[in-house]
Amino acid sequence: MSSDALVADQTDHPGEPVAVTAAGAIPWRINKDRLEVLLIHRPRYDDWSWPKGKIDAGETVPECAVREVWEEIGLRAPLGIPLPPIHYHVASGLKVVHYWAVRVNGDALVPDGKEVDSVMWCAPEKAARLLSNPSDVVPLEYLRDAHERDALETWPLLVLRHAKAKPRSSWSKAEGERPLAATGTRQAQAVGRLLQSWKPMRVVTSPWLRCVATVAPYARATGAKVKLAEGLTEHKHQRSPKKTAAVVNSLFDKQRSVVVCTHRPALPTVLRQLAAHMPAHLAKRLPAHEPYLSPGEVVVCHVACNGRKGVVAVEQFKPFED
């Protein structure tokens, strides 16, 4: 259903299959120069927790997190940096919950009243004392540490390989006009839903049809601005990889959320440029072997807003496939 580079660490449960997958977020804000996080109270369990819930059929884990935050506290916000997932046992077996940081910028929060009857903003230290599940402290501590390292406030830079296209062997017209296959058209719809987890408001894409068709559902749904970049085409990359690299570097210059869509042959150059903007331990998490990304797959780089640290977190996801 989904894949991610932040693989859940099952050190305490080696080899045990996951029975329940869930996702959620820790909402945070800066209030009078101090970090605060949002706890939710669930009347059904009479506990304090983070917004979260089980994955639905047809969802990826990021989509689940976004949906649960909206349903439980009425907040529509893009995901920030990934936080460590947690594990614990429930009646059906091992449960894993994936978490992200989500910034709240003055948005009015509306608890749904059924699952969540009240919310509380507080300092991380107080939240750690109030959390009913001790495991929930783990992502909180990571979030607090990221704040202290100036790595909590970020913007997303996403690299997307276009969805599955018709085979080259069955296409006799111009390569730039080769369209998506029927499977690719469905993938493009799924990509559009997945990208809304980070909601980049700029799309930079190869002008070739299969790339444009991949990002079109997302652009239509969100109104994101689309820019065509010749440097991202297969032919331009073959002639001048430096121009492809320049397109990627320009994305960092803008310091604004963006998704870039390109072709498999250009991915090694694109990924090398990404690696130049991150520490070595993160660069090792980038795809390193052919085909680098499968059709419709995306790498998410979280770039620190302070402009000095570059990329501070990396994730990788596939859209849901029917």
Side-chain angles (χ1 to χ4, degrees), residues 6 8-9 11-12 20-55 61-62 64-90 94-154 197-198 302 304-306 312-313 315:
L6 188 68
D9 180 6
T11 304
D12 297 331
V20 180
T21 299
I26 300 182
W28 66 275
R29 71 181 183 185
I30 301 299
N31 184 26
K32 297 179 180 179
D33 296 326
R34 293 181 178 275
L35 175 66
E36 293 183 339
V37 293
L38 186 84
L39 288 170
I40 65 167
H41 183 262
R42 302 184 299 174
R44 179 181 176 184
Y45 304 102
D46 189 23
D47 68 355
W48 289 99
S49 182
W50 311 118
K52 66 178 183 295
K54 290 186 287 187
I55 195 168
V61 179
C64 174
V66 171
R67 175 183 55 77
E68 288 291 340
V69 169
W70 164 245
E71 290 179 356
E72 293 195 345
I73 61 173
L75 174 66
R76 290 196 185 276
L79 300 179
I81 62 169
L83 305 172
I86 65 170
H87 296 83
Y88 53 94
H89 285 96
V90 293
L94 185 64
K95 180 175 181 178
V96 57
V97 186
H98 299 267
Y99 282 112
W100 283 263
V102 169
R103 183 165 192 179
V104 180
N105 287 315
D107 307 75
L109 304 180
V110 184
D112 70 350
K114 183 179 179 181
E115 295 287 335
V116 178
D117 62 355
S118 64
V119 299
M120 178 193 302
W121 283 106
C122 59
E125 297 77 13
K126 182 177 180 179
R129 295 192 300 269
L130 290 175
L131 283 166
S132 301
N133 184 346
S135 298
D136 279 336
V137 176
V138 174
L140 171 62
E141 290 178 341
Y142 189 95
L143 184 149
R144 180 171 55 184
D145 178 66
H147 172 65
E148 293 173 353
R149 293 183 289 109
D150 288 331
L152 180 57
E153 186 177 1
T154 60
S197 300
W198 301 277
H302 298 270
C305 288
N306 63 24
V312 296
E315 305 178 89

The reported gap from CD in Glu72 to OG in Ser49 (rounded to nearest 0.5 angstrom) is 8.0 Å
Return the minimal non-hydrogen interatomic distance between Cys64 and Gly53, and the atom names on each side. SG-O, 3.4 Å
Kindly indicate whether the side chain of Thr21, heavy atoms from C-beta on, has any atom under 4.5 Å from the side chain of His98. yes
Hey, mind stepping through Ile30 and Leu35 against side chain to side chain contact (heavy atoms under 4.5 Å, CB included) and telling me if it holds? CA-CA 5 Å; Ile30 301 299; Leu35 175 66; 4.2 Å; yes
Could you walk me through whether Trp50 and Glu68 pass side chain to side chain contact (heavy atoms under 4.5 Å, CB included), step by step? CA-CA 10 Å; Trp50 311 118; Glu68 288 291 340; over 6 Å; no
Test: salt bridge (charged side-chain N to carboxylate O under 4.0 Å, His left out). Region: residues 112-123. Which pairs qualify, not counting sequence neighbours? none
Side chains of Asp46 and His41 in contact at under 4.5 Å (non-hydrogen atoms): yes
Given Asp136, which of Trp48, Tyr99, Tyr88 fulfils the side-chain hydrogen bond (donor to acceptor under 3.5 Å, both in side chains) condition? Tyr99
At their closest point, which heavy atom of Ala23 faces which heavy atom of Val61, and how far apart are they? CB-O, 3.5 Å
Residues in side-chain contact (heavy atoms from CB on, under 4.5 Å) with Val102, at least two apart? Ala25, Leu75, Ala77, Leu79
Sub-4.5 Å side-chain heavy-atom contact between Cys122 and Leu39: yes
Going by side-chain contact (heavy atoms from CB on, under 4.5 Å), name the residues that satisfy it together with Asn105, two or more places apart in sequence or in a different chain. Arg103, Asp107
Output a table of donor-acceptor pairs, distance under 3.5 Å, between side-chain atoms of residues 138-152 and any protein atom two or more places apart or on a different chain; print 'none' if there are none.
unit_1	atom_1	unit_2	atom_2	d
Arg144	NH1	Glu125	OE2	3.4
Asp145	OD2	Arg149	NE	2.8

Determine, stepwise, if the pair Trp121 / Leu109 fulfils side chain to side chain contact (heavy atoms under 4.5 Å, CB included). CA-CA 11 Å; Trp121 283 106; Leu109 304 180; 4.1 Å; yes
On a heavy-atom basis, the closest approach of Ile73 and Pro27 is CD1-CG, 4.0 Å
What pairs meet the salt bridge (charged side-chain N to carboxylate O under 4.0 Å, His left out) rule with one or both residues in residues 28-44, with sequence neighbours excluded? Arg29-Glu36, Arg42-Asp47
Are any non-hydrogen side-chain atoms of Trp198 and Pro62 less than 4.5 angstrom apart? yes
Run the side chain to side chain contact (heavy atoms under 4.5 Å, CB included) check on Ile81 and Val312 step by step: do they pass? CA-CA 8 Å; Ile81 62 169; Val312 296; 4.3 Å; yes
Rounded distance (nearest 0.5 Å) linking atom CD of Glu315 with atom CH2 of Trp100: 6.0 Å
Contacts of type side-chain contact (heavy atoms from CB on, under 4.5 Å), residue Val20, not counting sequence neighbours: Lys54, Val90, Ser92, Lys95
